[in-house]
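Here is the structure we will look at.
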Amino acid sequence: MRKNIDIDELTLKKMKLISAHEKMSVKALIEKAVQLFVKSKEVEKYASLTDEEKEDIGLLVLMQEGEPTDTVPEEDILKILQE
């Protein structure tokens, strides 16, 4: 996906210096910066969740990892719930 952003001249010069030092293009540097920002916001948001909300997210992730065609007999589920 392409998005256009406006960057002031001073920041652009700094980014060019950093990109030269890191041996990557300015575009790649911006993409990396955005990914790091999004990741840090995710971590920040996760840290502010309650234990119940964290448990809900964990269950959601486990459900998404499961194979939808796999089935378990009802008796097995009831047996586990009774333990």
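Keep in mind that what you see is a predicted model, and the values were worked out from it rather than measured.
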Please list all pairs meeting salt bridge (Lys or Arg N to Asp or Glu O under 4.0 Å) that have one or both residues in residues 44-65, counting only residues at least two apart or in different chains. K41-E44
Partner residues of D8 under the side chain to side chain contact (heavy atoms under 4.5 Å, CB included) criterion, sequence neighbours left out: L10, T11
Pair I30-I7, side-chain contact (heavy atoms from CB on, under 4.5 Å): steps then yes or no: CA-CA 11 Å; I30 292 171; I7 301 174; 3.9 Å; yes
L81: which other cluster members, linking ILVMFWY side chains closer than 4.5 Å, directly or transitively? V72, I77
How many angstroms lie between atom OG of S25 and atom CD of E31, to the nearest 0.5 angstrom? 7.0 Å
Pairs in or reaching into residues 73-83: which pass salt bridge (Lys or Arg N to Asp or Glu O under 4.0 Å), with residues at least two apart or in two chains? none
Cluster link I5 to M24, ILVMFWY, side chain under 4.5 Å: yes
Answer with yes or no whether the hydrophobic clustering places L29 together with V38; edges join I, L, V, M, F, W, Y residues whose side-chain heavy atoms lie under 4.5 Å apart. yes
Sequence neighbours excluded, which residues qualify as side chain to side chain contact (heavy atoms under 4.5 Å, CB included) partners of E67? T69, D70
What pairs meet the salt bridge (Lys or Arg N to Asp or Glu O under 4.0 Å) rule with one or both residues in residues 11-24, with sequence neighbours excluded? none
